[in-house]
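Structure record follows, encoded as structure tokens.
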Amino acid sequence: MGSAKVSERGIRIAIDRGGTFTDCVGNPGSGKMEDDVLIKLLSVDPSNYDDAPLEGIRRLLSKFTGKEIPRGQPLDTSEIESIRMGTTVATNALLERKGEDIAMVVTKGFKDCLAIGNQSRPNIFALDIQKPEVLYKKVVEIDERVTLEDYAEDPERASTKADSIDVAGDTAELVKGLSGETVRILQRPDHEKIRRQLKEVYDSGLKSIAVCLMHGYTYPKHEALVGKIAKEIGFEHVSLSHELMPMIKLVPRATSACADAYLTPAIRKYIDGFSKGFEGGLGTKSVKREEGSKSARCEFMQSDGGLVDVDSFSGLKAILSGPAGGVVGYALTSYDPETKIPVIGFDMGGTSTDVSRYGSGRYDHVFETTTAGVTIQSPQLDINTVAAGGGSRLFWKNGLFVVGPESAGAHPGPACYRKGGPLAITDANLYLGRLLPDFFPKIFGKNEDEGLDAEASKKLFEELAEQINKEISGGNKEKEMSLDEVAHGFIKIANETMTRPIRSLTEARGHDTSKHRLATFGGAGGQHAVAIAEALGISQILVHRYSSVLSAYGMALADVVDERQEPESKVWSDEKDVREYLQTKMHELKLKSTATLKEQGFSEHEVHFEEYLNLRYRGTESALMIIKPSKEEAGKEYDGDEWAFGKAFVKQHEQEFGFTLPDRDIIVDDVRARGIGKTFEGLEKTVDQQLKEVKPKDLSKEEKIFATRKVYFEGGRQDTNIYKLEDLAVGDRIKGPAIIADGTQTIVVTPGASALVIETHVVINIGESDGQDKQIDTKEVDPILLSIFAHRFMAIAEQMGRALQKTSVSTNVKERLDYSCALFDSEGGLVANAPHLPVHLGSMSTCVRKQASIWKGKLKRGDVLVSNHPMFGGTHLPDITVITPAFSGDKIIFYVASRAHHADIGGILPGSMPPHSKELYQEGAAIKSEKLVSEGHFNEKRIIELLLDEPGQYPGCSGTRCLSDNINDLKAQVAANQKGISLISTLMSDYGEEVVQFYMTNIQKNAETSVRNLLKEVHKRFEGQDLSAEDFMDDGSPIRLKVTIDPEKGEAIFDFSGTGPEVYGNINAPEAVTYSAIIYCLRCLISQDIPLNQGCLAPIHVIIPKKSFLSPSDNAAVVGGNVLTSQRVTDVVLKAFKACAASQGDTNNLTFGFGGTVFAEGSNARSETKGFGYYETIAGGSGAGPKWNGTSGVHTHMTNTRITDSEVFERRYPVLLREFGLREGSKGLGQHDGGEGVVRDIEFRIPVQVSILSERRVYHPYGMEGGGEAACGLNIWARKVDRKGVHKNGGDKPAVEEVKEEKRKVEVESEDGFRYINLGAKNTASMQPGERIVIYTPGGGGWGKVGEESRVRMVEDPMKGWRQGSVAGRQQVAEASA
């Protein structure tokens, strides 16, 4: 790199301060790549310098000016044009919980909103539930309240008019909010009281606060008032949620405000310290003040991939600051706007591997993501951590090779770092010769001057190989694996682990992975890129010359961005007035943005805009952020109409979800303008232009070789040439096997691939894969292939799930992901199931086995079966299972099935979940075994009979209330099954049918071995005593269990003899539910990630007495069995194993609504009333255990559904949520306390029918080992009454009469005009406006005697610091549909 002359005030510096290294890229002002200077230094090196970025700038300035600048001397900025930085300060403060101490200010009734969050638990199989701790130290509840006057589900679509906030004045009860929705002000805040409350917080020493009030996104006046008072008191930092992100959803907005208040002071502290290292100041303001010539522009990278002036950089926008630079770097250097080939970014560093995607010339943003356990609402690049990088640890568990998610971290690091660390991916690459110690910085050892320690890696591999061989060879030397095979096995599993989420990232959005390029960067990416690309079907890899400092280079190329967004609620239409209204709103946002960017020195022609509308169909929650079509696109597709947002939305919806809803309104949720100050005019030549012009020249055998080494590839070690990148010229082409390296990166070119050097990149083209055609033995199990097939089978089930979600129509499947897809062997035994939902695990294979035996020998290609009957392996009727056989010749070789929750299938109540059904027919259509498709023909006529006509013939029952959704979803299930079959066919053509069948069987045997080992351990722990337990349903029905273990074979009998008889009610549970509960409990007890399949049940023999309520007769009602009895069975199994105290043992199913089918008395004449229905399940406390306290306000065991956000709840339904918080005093006490239940207090604003289906209202959740029991739940109806004892809602019976009628109901008279009536566990009532249902859910039991010393062990989640983009978000939603 030359040292070009520095142009007047031209030095540009870009810095990425990462966890381990700080990378600096400097340019003297020429803008030419050959003049760049790169510096890499340790981020923390206190013996040499205080601050790595300052040290980097000092070294660059010394180099450019030719004058040595002493350390510690303030730097002269007169020759610097700009400094750009990305920093991990915010991420680290969040990870280590070292931010500022803060208080949260929230509306009264919601003090626990962040402790409860969305009520789902992060890991469905963990008994010691660990939710991320909240960021605040104190909560202040403000007595203020507003709500939305109209509701979205209103069949009449009523719309109340009101004046805007500015016009309405201070006393108006109704005002029009910023989103255009009418807001009712119920309670105005008391200024003096707020001042007293905040002063108390200030005096306690807290100086930073976050404010988030209900509906503050559309009515910000109360938040602004709190902010004003706080500033007057002297708070140093105040984060107001409506200023940060005015989007609906209380919980993410409150978390975002807290994250901002928590992190911004830490960032300001860092920036102030950094600025002190310069003469004059940094940033736009100081440039304006022109302190002599001693000030420079300084911008920081934000999570959305845009730069912002140092003075405006805030904690909320800083969380992905570092990785965002890498995305910008590869996007701008690898994407060509002419050829439009999309790029997948693969950034593999020492501590994490991140993937992202860039296509169609703009960044993929997500608006709600989780980092370090904190869910943030703010535009961020969709970056997904998929592995722990080079530091991913290697394990041998349960006969499988396992990589990660635990990490060796930067300290101690992998074994070869000379700090006594564990085996990691880096060690495997080093041992196989794919990592070259000669090219690795010598920063290890006592004096930090030694290279990597290959011996340490080898020693640990020898130990691990010995353990593996002992288990797999059974003393036979021929079966043993070599060290090379073991190390290479781990590399293959690591690649397999990373490709699954990459596929999910691209395919979940409707893109084909194989049509992308792979851009790899980060220190370890080059060693894995070829294998990853091959697995994804990608044929070309781009490695930038600066790939190891690409994040810093990205900062140098990025644009300065100003984001503006406002909420909206308009219905989209092409009418002139709607467009003009939205265009005006957009124009106002653009004016504000332009003013901000002009402040920062941009002229008007340098400012460009991306204009977005956030659109969704009415009645759905899947909003899509739609960008305004470009001139070219509008001309080509929309008759030149550049404001064709509606048509663009329909097109994108079709691409992403596979269908459109032409008869539904399109709602505008938000208007967003992204102002971009252009600082980078595009590369001189794109990759594609260079590839056109380059003249490739194959290097001869001896040319330019730096060294030759023996490197391991599939099949054995091969002589591999090593080249130094700087020795290679543009046009040089190298055939694999080869390694290209420089001081910062190692690129492995496998046999069959070739590398071509161009000006900016090394381009790797993947040829025909080699070494894959060797014969695979089906006599002996290869543990590496076993681990790979475990991933492949799961990947097939996951891809089926994505196909189902994409083509389905209903909210349940599309948004709540309430479905399961699975593949089965030819007998109907489960092989793999995704997502891993406990309640579907045991039951789906019961269903497939039953159907396989019924139709044996009668099925043809193109036949598809359908069933939902509880006696045929169903759980409850809304879950419909669709089964497709796959043939080889005439024989069935496996089955695929998908089960989806249908929103309605008829019965006595909308939603088909009646709380008081007594017979099966009241719950809707029951299908035992039918052909849905016959030889490719969809039997629509028959399915209409089954869903609509037959259920409607019973007294008081209706057929399905949403037939078209049912049919669409069934077709989607058929398509998903078809996808599964084609994927398995591909797998068979890759490996051969015999091999696939062999590993299908062996993956089941592997799970079986894990369960057998668990049972042997349990037998040892309880010294052979029989394990037994009993518990009761609230009606007194007992569940009794005795577990007898055979320690020799590792088998167990689960005997439920003595369980109560079938019930004339709906808590009967089909046998399949008990199997699911057993599999779930076993998986929790093993507490390791094992393949969940039929093998888990092979060592278990279950005895369920016929005609008991766990094995009811054909026509028994079962809707409560699936949601309530399953929880009690789980309680009983865990009690028998003495695993933990009881959790709430309930799902608290609440439904309300009006409308539906009404029957004329004494006839079958039906009339339809338009209305709505709503269903939710409510969290409670989890039970404590031997090493953990219970968790409060969380879903447990057989369910994990999320709760609708409080603001969305009030927007969609005519309700007022008075309180949603933890129920103090409901937990069981002990050495370890249980978790608290919750209080949910809902007021209705119109007359509705309300039903509750719950348990644990009589029998308390038990404690264990001397721990106390938790409080029972309680369902209260706050019923209006006037002074004469006459009901407001039209009844005229005196109150005394009422008491006689309702003997089992407890009542409390009250001074406030209400009577408080206990509804019991299962009931339904017509509630009037102003009446409330208050649900108190049970807590969790305690463990151990009160007063004994706590033995709680906090286990750190290895994935805590992972960037949870759309892939993890999807996974969480899927697990929440349990």
Side-chain angles (χ1 to χ4, degrees), residues 112-113 115-122 124 126-131 838-839 1031 1033-1034 1080 1084 1120 1123-1132 1134-1135 1140-1150 1175-1185 1188-1204 1217 1219-1230 1232-1242 1252-1264 1267-1276 1319-1322 1333-1343 1376 1378:
D112 298 314
C113 66
I116 298 171
N118 63 14
Q119 80 177 11
S120 70
R121 60 192 186 278
I124 52 178
L127 295 174
D128 56 332
I129 298 168
Q130 297 196 357
K131 286 170 85 170
V839 79
D1031 205 341
M1033 303 298 287
D1034 279 349
Y1080 165 77
C1084 290
V1123 289
L1124 300 176
T1125 313
S1126 63
Q1127 295 283 45
R1128 190 68 65 264
V1129 174
T1130 307
D1131 282 344
V1132 172
L1134 292 172
K1135 187 178 188 180
C1140 58
S1143 294
Q1144 70 155 338
D1146 183 21
T1147 46
N1148 306 294
N1149 303 268
L1150 173 73
Y1175 169 62
E1176 71 179 19
T1177 61
I1178 307 167
S1182 81
W1188 67 87
N1189 290 319
T1191 301
S1192 302
V1194 69
H1195 258 321
T1196 51
H1197 301 325
M1198 301 299 277
T1199 185
N1200 201 26
T1201 46
R1202 298 174 168 200
I1203 195 95
T1204 306
L1217 188 57
E1219 182 184 358
F1220 185 37
L1222 297 180
R1223 178 187 175 198
E1224 284 171 26
S1226 58
K1227 65 185 179 189
L1229 302 177
H1232 303 150
D1233 292 348
E1236 305 275 24
V1238 304
V1239 182
R1240 192 155 170 90
D1241 182 343
I1242 302 169
I1252 181 78
L1253 176 61
S1254 63
E1255 269 288 326
R1256 289 275 192 226
R1257 297 305 189 258
V1258 179
Y1259 288 90
H1260 292 259
Y1262 58 78
M1264 277 296 258
E1269 58 186 25
C1272 282
L1274 180 64
N1275 306 321
I1276 293 290
L1319 287 167
K1322 299 168 185 65
I1333 185 166
V1334 190
I1335 297 165
Y1336 298 90
T1337 72
W1343 176 284

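- Distance alone, capped at 3.5 Å, places no donor-acceptor pair between the N1189 side chain and the A1184 backbone.
- Atom CG of N1148 is separated from atom CD of E1176 by 9.5 Å, given to the nearest 0.5 angstrom.
- For the pair D112 (side chain) and L1222 (backbone), a donor-acceptor distance under 3.5 Å is present.
- Taking a cutoff of 4.0 Å between a charged side-chain nitrogen and a carboxylate oxygen, E1219 and R1240 do not qualify as a salt bridge.
- Between K1322 and D1034 there is no salt bridge, since no side-chain nitrogen of the basic residue lies less than 4.0 Å from a carboxylate oxygen of the acidic one.
- Side-chain contact annotation: S1143 with D1131, donor-acceptor N/O pair under 3.5 Å absent.
- A salt bridge links D1031 and R1256; the closest N-O separation between the charged side-chain nitrogens and carboxylate oxygens is under 4.0 Å.
- Remark: L1217 CG to D1241 CG distance equals 7.5 Å, nearest 0.5 Å.
- Remark: R121 CZ to I129 CD1 distance equals 5.5 Å, nearest 0.5 Å.
- Rounded to the nearest 0.5 Å, atoms CG (L1124) and OG (S1254) are 7.5 Å apart.
- Annotation: cation-pi pair R1223/Y1336 absent, no NZ/CZ under 6.0 Å from the ring centroid and within 45° of its normal.
- The main-chain N or O of A1179 is found under 3.5 Å from a side-chain atom of Q119 such that the two form a donor-acceptor pair.
- The OG1 atom of T1177 sits 6.5 Å away from the CD1 atom of I1203 when rounded to the nearest 0.5 Å.
- A donor-acceptor pair is defined here as one N or O able to donate and one able to accept, closer than 3.5 Å; no such pair exists between the side chain of H1260 and the backbone of E1269.
- Side-chain contact between Q1127 and T1199 is present, with heavy atoms from C-beta onward closer than 4.5 Å.
- For the pair T1337 (side chain) and V1238 (backbone), a donor-acceptor distance under 3.5 Å is present.
- Between R1257 and D1146, some side-chain heavy-atom pair lies under the 4.5 Å cut-off.
- Under the 4.5 Å side-chain criterion, counting only non-hydrogen atoms from C-beta, T1201 is in contact with H1195.
- Residue S1182 holds its OG atom at 9.5 Å from NZ of K131, rounded to the nearest 0.5 Å.
- E1236 contributes a side-chain N or O that, together with a main-chain N or O of K1227, makes up a donor-acceptor pair within less than 3.5 Å.
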